[in-house]
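The chain is numbered in sequence order, starting from 1. Note that the coordinates shown come from a computational prediction; the quantities given were computed from them, not determined experimentally.
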Amino acid sequence: MLRVFACLVPLLAATPALAWEARIGTICELTHAEAGGDVRVTYDPRVAEYAITIRRGAGAWPEGPIFVIRFDGGRALTIQTDRHALSEGGSALTVTDRGFGNVLDGLHYNETATAYLGDTALSFALTGPEPAAPAVEEFRRCTEGGLV
């Protein structure tokens, strides 16, 4: 039995965490990972700038003129921009801005978020056993200067 457990530990450690987590430090950070990819929202108070980076787990994002993120649930919302950049060989898509209220509201008050670029989409759960809302609240407190 001990051998079976010892063999499972590395597999469990390699499984992405499904929880939304806020990390407080010099930069405020909100993270989430699922099998399809991961999301990282940051706020850097030194330059008063937010960023969201969405990485695909398999393959690159296609080139495309418009990035869209759709939030479905209690406060459905769709945001689009042409101010996105691809990096890491196309697997990471990043958008930066001075304000992220709509993004944070979308993450907090909805059930799913789906990112679209070209004909590629990637969805993330915002509810369930590890919902986004508590981590978004902690992230907001950090960005307001309460925890940094």
Side-chain angles (χ1 to χ4, degrees), residues 9-148:
V9 169
L11 293 174
L12 294 173
T15 303
L18 297 179
W20 285 86
E21 296 180 16
R23 296 184 185 121
I24 310 310
T26 306
I27 294 175
C28 306
E29 183 179 37
L30 177 66
T31 61
H32 178 71
E34 290 187 14
D38 64 81
V39 178
R40 180 177 184 247
V41 179
T42 58
Y43 175 72
D44 186 342
R46 297 168 294 184
V47 293
E49 185 173 77
Y50 292 86
I52 184 169
T53 299
I54 304 171
R55 286 182 187 81
R56 293 194 61 218
W61 288 99
E63 293 290 333
I66 303 293
F67 167 70
V68 175
I69 188 164
R70 187 183 77 210
F71 300 99
D72 293 306
R75 287 193 186 173
L77 171 69
T78 300
I79 304 168
Q80 66 180 36
T81 184
D82 62 357
R83 296 175 23 202
H84 61 281
L86 298 177
S87 61
E88 300 177 21
S91 66
L93 181 150
T94 301
V95 176
T96 60
D97 203 341
R98 297 256 182 223
F100 252 44
N102 284 339
V103 172
L104 296 176
D105 284 350
L107 294 170
H108 187 276
Y109 297 109
N110 289 289
E111 296 173 11
T112 61
T114 305
Y116 299 91
L117 186 59
D119 60 356
T120 300
L122 180 59
S123 294
F124 293 93
L126 304 174
T127 59
E130 300 290 344
V136 172
E137 288 174 11
E138 188 174 344
F139 179 84
R140 285 186 199 262
R141 285 193 302 274
C142 175
T143 65
E144 294 165 358
L147 299 175
V148 176

A.B. asks: Could you tell me which residues satisfy salt bridge (Lys or Arg N to Asp or Glu O under 4.0 Å) with R70, sequence neighbours excluded, listed by chain and number?
C.D. replies: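 Here the qualifying residues are D72.
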A.B. asks: So which heavy atom on G118 is nearest to which on P62, and how close?
C.D. replies: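 The answer is CA-CG, 4.3 Å.
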A.B. asks: To the nearest 0.5 Å, tell me how far L86 CG sits from W61 CH2.
C.D. replies: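 It is 9.0 Å, given to the nearest 0.5 Å.
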A.B. asks: Kindly write out the residues that satisfy ring-ring contact (aromatic ring centres under 6.0 Å, His included) with Y116, not counting sequence neighbours, or none if the list is empty.
C.D. replies: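 Listed in chain order: nothing, the list is empty.
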A.B. asks: Which atoms form the tightest heavy-atom contact between A22 and A135, and what is the distance?
C.D. replies: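 Closest approach of A22 to A135, heavy atoms only: CB-O, 3.5 Å.
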A.B. asks: Quick one: side chain to side chain donor-acceptor pair (under 3.5 Å) partners of Q80, sequence neighbours excluded?
C.D. replies: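 Once residues adjacent in sequence are excluded, Q80 has no partner under the side chain to side chain donor-acceptor pair (under 3.5 Å) criterion.
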A.B. asks: Anything under 3.5 Å between a donor and an acceptor, one on a side chain of residues 120-128, the other on a protein residue two or more places apart or in another chain? List them.
C.D. replies:
from: S123; atom 1: OG; to: T114; atom 2: OG1; distance (Å): 2.8

A.B. asks: Once side chain to side chain donor-acceptor pair (under 3.5 Å) is applied, do any residues pair with R55, and if so which ones, sequence neighbours excluded?
C.D. replies: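 Only D38, E88 meet the side chain to side chain donor-acceptor pair (under 3.5 Å) criterion with R55.
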A.B. asks: E111: what forms a salt bridge (Lys or Arg N to Asp or Glu O under 4.0 Å) with it, not counting sequence neighbours?
C.D. replies: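 Partners of E111 under the salt bridge (Lys or Arg N to Asp or Glu O under 4.0 Å) test: none.
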A.B. asks: So how far is it from I66 CD1 to L117 CG, rounded to the nearest 0.5 Å?
C.D. replies: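 Answer for the CD1-CG pair, I66 versus L117, is 9.5 Å.
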A.B. asks: Would you list the pairs meeting ring pair (Phe, Tyr, Trp, His ring centres under 6.0 Å) in which at least one residue belongs to residues 69-93, sequence neighbours left out?
C.D. replies: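 Not a single pair qualifies under ring pair (Phe, Tyr, Trp, His ring centres under 6.0 Å).
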A.B. asks: Any donor and acceptor pair, going by atom type alone, linking the side chain of R40 with main-chain N or O of E29 inside 3.5 Å?
C.D. replies: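 Pair absent, no side-chain N/O of R40 close to backbone of E29.
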A.B. asks: Under a 4.5 Å cut-off applied to non-hydrogen side-chain atoms, are V136 and Y109 in contact?
C.D. replies: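 Not in contact.
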A.B. asks: Go through the structure and list residues passing ring-ring contact (aromatic ring centres under 6.0 Å, His included) with F100, not counting sequence neighbours.
C.D. replies: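 Only Y50 meet the ring-ring contact (aromatic ring centres under 6.0 Å, His included) criterion with F100.
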A.B. asks: Can you list the residues that meet the salt bridge (Lys or Arg N to Asp or Glu O under 4.0 Å) rule with R83, with sequence neighbours excluded?
C.D. replies: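 With neighbours one apart ignored, the set is D97.
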A.B. asks: State the NE2-CD distance between H32 and E21, to the nearest 0.5 angstrom.
C.D. replies: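 With rounding to 0.5 Å, NE2 (H32) is 10.0 Å from CD (E21).
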A.B. asks: Mind running side-chain contact (heavy atoms from CB on, under 4.5 Å) on F139 and L107 for me, showing each step along the way?
C.D. replies: CA-CA 11 Å; F139 179 84; L107 294 170; over 6 Å; no
A.B. asks: For D44, give me all partners under side chain to side chain donor-acceptor pair (under 3.5 Å), at least two apart in sequence or on another chain.
C.D. replies: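 Per chain and number, D44 pairs via side chain to side chain donor-acceptor pair (under 3.5 Å) with R46.
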A.B. asks: Residues in side chain to side chain donor-acceptor pair (under 3.5 Å) with E137, at least two apart?
C.D. replies: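 Listed in chain order: H108.
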A.B. asks: With sequence neighbours excluded, what pairs up with R75 under the salt bridge (Lys or Arg N to Asp or Glu O under 4.0 Å) test?
C.D. replies: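 Per chain and number, R75 pairs via salt bridge (Lys or Arg N to Asp or Glu O under 4.0 Å) with no residue.
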A.B. asks: If I take atom SG from residue C28 and atom CD from residue E138, how far apart are they, to the nearest 0.5 angstrom?
C.D. replies: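 Reported to 0.5 Å precision, the distance equals 10.0 Å.
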A.B. asks: Can you tell if the side chain of T112 reaches within under 4.5 Å of the side chain of N110, non-hydrogen atoms only?
C.D. replies: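 Answer no - side chains too far apart.
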A.B. asks: Out of curiosity, R140 CZ to Y43 OH, how far, rounded to the nearest 0.5 Å?
C.D. replies: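 Nearest 0.5 Å value for the CZ-OH distance: 13.5 Å.
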